[in-house]
2 protein chains.
Amino acid sequence: MTAPPHEAHPAGPGRSLPDTQQGMRRRNLARVMHAVSAEGPLSRAAVASRIGLTRAAVSTLVDELIRSGLLEELGPQRPGRVGRPGSALAVSGRGPAGIGAEIGVDHLAVCAVDLSGRTRSRAERHGLNRGRSPRTVIEELNELIRLVVAGAEGEGLRPAGLAVAVPGLVARDARTVVRAPNLDWRDTDLGGLLPSGFPLTVDNEANFGALAELWLGEGTPRDFLHVSAEIGIGAAVVVDGGLLRGTRGFAGELGHVPVRPDGPECACGGRGCLEQYAGEEAVLRAAGLEPDEDRVGLLAGRAAAGDEDVRRALRDAGTALGVALTGAVNLLDPESVVLGGELSALAPWLLPSLRDELARRTAGPACPVSVSRLGPQGPLLGAAHSVVRAVLDDPAAVAGRA
Amino acid sequence: MTAPPHEAHPAGPGRSLPDTQQGMRRRNLARVMHAVSAEGPLSRAAVASRIGLTRAAVSTLVDELIRSGLLEELGPQRPGRVGRPGSALAVSGRGPAGIGAEIGVDHLAVCAVDLSGRTRSRAERHGLNRGRSPRTVIEELNELIRLVVAGAEGEGLRPAGLAVAVPGLVARDARTVVRAPNLDWRDTDLGGLLPSGFPLTVDNEANFGALAELWLGEGTPRDFLHVSAEIGIGAAVVVDGGLLRGTRGFAGELGHVPVRPDGPECACGGRGCLEQYAGEEAVLRAAGLEPDEDRVGLLAGRAAAGDEDVRRALRDAGTALGVALTGAVNLLDPESVVLGGELSALAPWLLPSLRDELARRTAGPACPVSVSRLGPQGPLLGAAHSVVRAVLDDPAAVAGRA
DNA sequence: ACTAATTTGTAAATCGGCATGACGAATAGC
DNA sequence: GCTATTCGTCATGCCGATTTACAAATTAGT
């Protein structure tokens with residue numbers, strides 16, 4: 001019964017939970033974990049000054065966290081300042097681990113991340129998943145998960161949750177895949193197929209990619225738009241450090257934003273959707289190429305080799321993206337736009353026209369567009385880290401299950 | 001030093017304030033206020049069961065709130081059930097009041113709202129404000145404010161804050177108007193010109209309109225898109241019961257979403273922005289009418305009279321709005337779209353084509369579009385209520401200043 | 001080397017705030 | 001009238017953070 005990680009914040013004081021002392025304790029435990037996790041080894045006194053509690057209070061909190069195996073005492077710090085040196089505290093390397101999994105069109109991947117953010121175990125398998133039944137794919141995935149879990153346990157870690165990234169729309173129950181065109185899945189509940197030993201979260205690949213960017217990217221703001229693309233074009237909206245999910249969980253469907261209202265018909269019923277200009281299939285067609293296995297690699301290779309058709313196709317896709325993003329930027333006023341996922345490999349040829357278009361359509365200074373450093377492994381890392389963040393956000397919950 | 005009302009929620013446990021008993025007390029005071037305010041007269045026991053605290057705890061909280069003048073004891077309730085009847089509690093009709101003000105293109109309005117939401121005093125003045133200097137306009141506004149404040153005090157109310165709605169972009173400091181095309185104002189700091197007796201908040205008219213819809217509308221969801229228009233077209237995005245403001249506070253600029261990327265040039269630098277198809281000036285031009293004083297009234301009148309040119313112009317505007325809203329709905333997945341402000345008067349002729357366009361471009365069931373019941377007085381009410389909500393959200397803050 | 005100053009971590013006492021349990025008060029049903 | 005039920009309050013206790021005090025460990029100064 002853990003709260004889904006990084007849900008939008010609960011409402012105002014009206015409807016939230018009653019505020020009792022236990023809740024206070026829990027929140028303060030969380031603050032200690034966040035402080036230690038974010039700012040490396042820290043003494044009790046340092047934590048106290050950072051989170052605004054007294055040293056005495058922090059002492060008891062830390063005791064509890066150490067007993068739960070979430071924090072480790074590293075011993076006396078090497079001092080440069082006067083006074084008694086503090087004893088360094090760090091998140092435990094043998095505590096809970098976040099298990100992240102990714103179901104891609106042409107691969108499966110699983111990894112385990114410890115509280116400090118280090119990847120401690122991983123496994124993957126290549127091979128097309130398109131059209132295969134959810135059951136078959138998930139069975140293979142479960143095999144990888146067993147492997148990774150065993151590996152993590154071998155290092156003294158205890159899996160605290162599983163988060164699965166899928167290339168498609170996921171309902172707000174974080175269990176059922178409503179539509180995944182790349183896999184030909186519709187309305188499939190993954191809840192029953194995946195291991196049930198620990199809390200499960202299923203979410204859109206783009207969402208997890210955005211969270212990875214938020215947590216792992218350097219200098220990533222708390223308000224940005226994360227764009228990623230495979231066959232469809234997904235975006236994730238990060239507002240004030242949290243994901244915007246929408247009523248049904250479908251927020252971020254950039255692919256069907258109208259770019260040319262009178263353009264060709266789209267499967268969605270509309271006309272001139274972005275997907276028809278910047279979607280993978282559209283770009284391949286415009287470049288005069290056949291759809292093949294590693295589509296993005298093919299495009300990137302040809303573009304790098306100087307293929308003018310491909311470059312033109314990518315330029316045009318960038319322009320279309322620019323139009324759609326102008327709308328999004330006007331509406332959301334984000335601090336930046338980040339291109340992530342598979343898109344980052346094509347960024348060199350997309351970016352110039354995209355930035356041009358965005359700047360041309362913006363009155364003041366245009367919203368900066370950057371490329372994710374994490375690239376295609378963003379979703380997997382984001383998934384694993386989402387479990388870790390859930391632990392940091394409520395350490396008492398996992399401690400209780402220890 | 002009050003927190004700005006209804007800012008986006010603070011971050012996760014990492015950066016928030018330390019959690020001490022006083023904070024707990026404050027939050028519980030707020031919960032009591034919200035419960036009583038939302039669900040009419042309530043006994044202490046009823047409040048306790050609603051917010052999950054014990055009767056004893058609620059008793060002390062209520063005592064404090066009564067002493068601060070925020071709650072009133074109405075005496076024994078008329079009972080229908082067995083057992084000792086409870087003593088009804090209601091928000092005070094003599095406590096703090098929210099002062100809301102609106103600067104429109106052709107009018108000024110001010111009102112005072114008590115904690116129960118009733119308007120207790122109001123004043124307005126008609127006359128064009130376009131082109132007049134901020135100083136002159138604000139001086140007139142201050143006169144109205146003085147009037148309303150005096151009226152409120154005459155009824156035993158104590159002004160707790162002032163919120164001003166302006167038809168333009170407001171910086172995140174909630175004080176300076178960055179751009180207000182309808183007034184010809186640019187980068188003007190209203191902080192120094194307005195009365196300084198109580199906390200001040202300046203915000204976009206569309207934002208306050210959306211908040212009014214959220215708080216006063218019946219059955220309004222917690223995630224919706226509120227569209228309003230004067231010369232520009234503004235939208236406000238409500239996510240999980242709070243406003244999405246954007247990094248600079250400019251979120252919701254629907255007017256410059258590209259609708260036809262190759263359309264005519266716009267003042268913003270772009271081409272084919274929504275404003276050029278659905279903006280007031282554009283619609284008037286398309287209808288073959290001259291800009292005049294009461295533009296919206298003129299359009300509504302002609303359309304109602306059956307003027308086919310006007311009706312066509314409004315139909316086309318609705319279609320353009322539909323295209324822009326398709327993008328927005330795809331991106332945000334709101335529960336509904338609400339047409340508010342001056343737009344609501346034109347809704348009968350805009351809605352059909354708007355809904356058509358939105359439905360045509362949506363795969364599943366289209367996002368429902370409704371019209372605000374509050375109409376043009378939404379912004380003023382939203383402003384006044386924002387102050388009231390700030391009191392409900394942190395009663396201890398005003399009690400301290402009592 | 002010795003002392004003073006400074007900082008850390010912990011222990012004891014205190015305080016604030018909610019829960020618990022008991023009680024008188026006020027009502028409905030019999 | 002009697003009982004069951006509900007409401008508001010009081011005394012008590014528990015939990016959690018603060019305050020105050022103190023021993024331990026280091027640097028700076030003489």
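No experiment lies behind these values; they were computed from the predicted model shown. Note on naming: letters A, B, ... go to the chains in the order of the sequence lines (proteins, then strands), and numbering restarts at 1 for each one.
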Any B:Asn28 side-chain nitrogen or oxygen under 4.0 Å from OP1 or OP2 of C:dG17: no
Salt bridge or not for B:Asp19 and B:Arg27, using N-O below 4.0 Å? yes
Just compare D:dG16, C:dA26, C:dT10 and give me whichever is closest to any side-chain atom of A:Arg44. C:dT10
Is A:Ser59 near enough to C:dT10 that one of its side-chain N or O atoms lies under 4.0 angstrom from OP1 or OP2? yes
Heavy atoms under 4.0 Å, any strand shown: does B:Ala57 hit a base, just sugar-phosphate, or nothing? sugar-phosphate
For the side chain of B:Gln21 and the base of C:dG17, is some donor closer than 3.5 Å to an acceptor across the two? no
Think A:Thr20 has a side-chain N or O under 4.0 angstrom from the OP1 or OP2 of C:dC18? no
Touch class at under 4.0 angstrom, heavy-atom based, for A:Ala56 against every strand present: base
Check step by step if side-chain contact (heavy atoms from CB on, under 4.5 Å) holds for A:Ile51 and A:Val32. CA-CA 7 Å; A:Ile51 67 179; A:Val32 172; 3.7 Å; yes
Considering just the side-chain nitrogens and oxygens of A:Arg81, establish if one lies under 4.0 Å of OP1 or OP2 belonging to D:dA28. no
side-chain contact (heavy atoms from CB on, under 4.5 Å) between A:Leu71 and A:Val91, worked out: CA-CA 4 Å; A:Leu71 284 185; A:Val91 288; 4.2 Å; yes
Answer yes or no: does a side-chain N or O of B:Arg78 lie under 4.0 Å from OP1 or OP2 of C:dT27? no
Any donor-acceptor N/O pair under 3.5 Å between C:dG9 base and A:Arg55 side chain: yes
Please report, rounded to the nearest Å, how far the P atom of D:dT19 is from the CG atom of A:Leu53. 11 Å
Whole-Å distance between C:dC18 C1' and A:Asp19 CG? 11 Å
Map A:Val58 and A:Val82 onto DNA chain D by nearest heavy atom, then report which one ends up closer to the 5' terminus. A:Val58
Out of C:dA26, D:dA17, C:dT7, minimum distance to the side chain of B:Arg84 belongs to C:dA26
5' precedence on DNA chain C between A:Gly86 and B:Gln22 (nearest-nucleotide basis): A:Gly86
Looking only at the side chains, is there a donor atom on one of B:Arg25 and B:Asn28 sitting less than 3.5 Å from an acceptor on the other? no
By nearest-nucleotide position on DNA chain D, the 5'-leaning member of A:Gly83 and A:Thr54 is A:Thr54
Any chance you could lay out the side-chain contact (heavy atoms from CB on, under 4.5 Å) test for B:Asp393 and B:His34, step after step, and finish with the verdict? CA-CA 8 Å; B:Asp393 284 348; B:His34 266 96; 2.7 Å; yes
Rounding to a whole Å, what distance do you find between B:Arg25:CZ and D:dG16:P? 18 Å
